[in-house]
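The structure appears below as structure tokens.
Chain letters run A, B, ... following the sequence lines, proteins first, then strands; residues in each count from 1.
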2 protein chains.
Amino acid sequence: MSLKYAVLAALLEGEASGYELSKVFDVSLANFWPATPQQLYRELERLADEGLIEARTVPQERRPTKRLFSLTEAGRDRLSAFAAEPTRRPTAVRDEFLIKMQAMDGIDPERVRALVEERRTWALGKLARYERVRERLLDGRTEEEHLREAGRVGPYLTLLAGISFERENARWCEHVLTVLGERRAPTDPTGQALG
Amino acid sequence: MSLKYAVLAALLEGEASGYELSKVFDVSLANFWPATPQQLYRELERLADEGLIEARTVPQERRPTKRLFSLTEAGRDRLSAFAAEPTRRPTAVRDEFLIKMQAMDGIDPERVRALVEERRTWALGKLARYERVRERLLDGRTEEEHLREAGRVGPYLTLLAGISFERENARWCEHVLTVLGERRAPTDPTGQALG
DNA sequence: CAGTGATACTGAACTTTTTGAATAGGTGCG
DNA sequence: CGCACCTATTCAAAAAGTTCAGTATCACTG
């Protein structure tokens with residue numbers, strides 16, 4: 001149900017094609033509501049049928065024709081009504097990696113290290129991408145200036161949420177690597193786990 | 001596909017009924033792989049058919065008969081094989097609340113405050129529950145002692161991930177409340193947003 | 001001028017997840 | 001004794017999401 005509103009919220013940034021949205025949903029918004037291109041195209045179709053967005057066909061010089069979608073007044077109103085409602089669904093995190101970590105104590109510790117390193121690298125990469133988006137949004141101003149002066153603050157604040165999420169991810173990985181290191185070379189000399 | 005492994009990982013803690021798992025998936029594991037009771041019962045059926053878990057029927061004195069499930073050797077092996085593989089799916093966060101925040105700049109600021117306060121309260125509540133689980137796991141030891149000495153460290157480490165997630169959530173809410181407060185009483189006197 | 005890859009979109013089958021309800025024994029309250 | 005609520009599970013159906021496989025246009029490379 002919420003994909004609908006995620007799409008409407010994305011269109012607050014201005015008109016976009018399905019293809020463009022599928023890019024956006026992979027970097028910024030992917031943060032809190034991922035969707036595949038197929039989902040987006042279907043959703044855009046439905047929203048247009050409902051009159052919440054409108055499409056305009058744009059033939060291009062050097063590329064295939066695209067359809068740009070933008071919010072209608074009805075769409076804006078519907079989104080605002082949704083945003084003002086209390087939140088029904090709690091946050092759902094689905095993380096295959098953490099299932100593996102839950103079961104880590106049966107796996108070769110070097111294998112676990114490798115998985116955690118991989119995860120850390122990934123989190124840092126995402127963090128760097130978010131930081132670049134942030135620089136672009138701030139455009140030279142400090143956070144305080146931007147938040148006082150900007151017309152819209154929602155996109156910046158949700159970006160901050162993504163940044164702190166990935167930063168904590170990376171920190172957690174580092175903590176786990178430390179723990180694994182200490183278990184490999186234990187200061188306690190019982191030798192229990194070294195069969 | 002991963003629910004299967006989430007269930008196997010949950011059974012590492014010992015045998016459990018579908019009902020008990022549905023409780024666990026609502027507090028600790030809900031963290032990174034939520035599931036409804038219906039999903040769990042179906043998954044348990046499938047896993048038993050595959051021979052990865054086995055069921056034993058336990059008639060009870062004052063309660064309905066329950067079926068307790070436990071890992072088989074095949075189940076343990078399958079879980080270990082899964083846990084050692086590189087992670088295919090990146091973390092997926094689905095958060096209706098953050099969609100609302102993305103669209104906050106069209107909503108009555110007092111309404112937004114209320115939503116953020118609600119979210120903060122919820123995060124702090126979850127954090128408190130996690131902290132209690134942590135106390136129980138540590139059982140008087142320090143984190144360092146526990147991590148060096150414990151047989152299994154996976155459950156503790158994933159719990160830490162949950163704790164830092166909710167702590168950051170609460171912090172983010174507090175930051176947003178500050179920002180909203182400053183926009184309500186701006187030091188910059190243009191009065192632009194006070195129409 | 002064939003191959004590769006980006007843009008731009010569509011279709012159909014499939015799996016997973018959610019929702020709502022039904023069943024059924026037992027406990028505790030007034 | 002009736003009602004609400006907890007344990008424990010199952011059924012059915014809808015909604016949401018994933019996967020795989022296309023179509024088609026154009027740009028760039030060798």
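At a threshold of 4.5 Å between non-hydrogen side-chain atoms, the residues B:E118 and A:P86 count as touching. At least one side-chain heavy atom of A:L44 sits less than 4.5 Å from a side-chain heavy atom of A:L21.
The CZ-P distance, from A:F25 to D:dG17, rounds to 11 Å in whole Å. Distance, B:L3 CG to D:dA16 P: 20 Å, rounded to whole Å. C:dA24 atom C1' lies 17 Å from atom NZ of B:K66, rounded to whole Å. Atom P of nucleotide C:dT16 and atom CD of B:E43 are separated by 8 Å, given to the nearest angstrom. The nearest whole Å value for the distance from the NZ atom in B:K23 to the C1' atom in D:dC6 is 8 Å. Between the CD atom of B:E45 and the P atom of D:dA8 there is a distance of 17 Å, given to the nearest Å. Following rounding to the nearest Å, A:Q39 (CD) and C:dT17 (P) show an atom-to-atom distance of 13 Å. As a whole-Å value, the separation of A:L44 CG from C:dA8 P is 14 Å.
When distances are taken from the side chain of A:T36 to each of D:dT19, C:dC9, D:dA8, the shortest belongs to D:dT19.
For the pair A:Y19 and C:dT7, the criterion of a side-chain N or O lying under 4.0 Å from OP1 or OP2 is met. Remark: A:S17 is not in phosphate contact with C:dT7, judged by side-chain N or O atoms under 4.0 Å from OP1 or OP2. An OP1 or OP2 oxygen of C:dC9 is reached within less than 4.0 angstrom by no side-chain nitrogen or oxygen of A:R42. In this structure, B:Y41 does not reach the D:dT10 phosphate: none of its side-chain N or O atoms is under 4.0 Å from OP1 or OP2.
Between A:R89 and B:M1, the residue anchored nearer the 5' end of DNA chain C, judged by the nucleotide with its closest heavy atom, is B:M1. Where B:L68 and B:R94 each meet DNA chain D at their nearest nucleotide, the meeting point lying more 5' is that of B:L68.
No donor-acceptor contact under 3.5 Å links the side chain of B:R46 to the base of C:dT15. With hydrogens and angles left out, the side chain of B:Q38 and the base of C:dG20 share a donor-acceptor pair within 3.5 Å.
Cation-pi geometry between A:K100 and B:F82 is satisfied (NZ or CZ under 6.0 Å from the ring centre, within 45° of the ring normal).
A:T91 and B:R119 share a donor-acceptor pair across their side chains, judged by distance under 3.5 Å alone.
Residue B:E20 is out of contact with every strand shown, counting any heavy-atom pair closer than 4.0 Å. At the heavy-atom level, B:R67 lies under 4.0 Å from the strands shown only through sugar-phosphate atoms.
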Original post:
So A:F32 and B:F97, ring pair (Phe, Tyr, Trp, His ring centres under 6.0 Å) or not? Walk me through it.
Top reply: CA-CA 9 Å; A:F32 50 88; B:F97 172 75; 9.8 Å; no
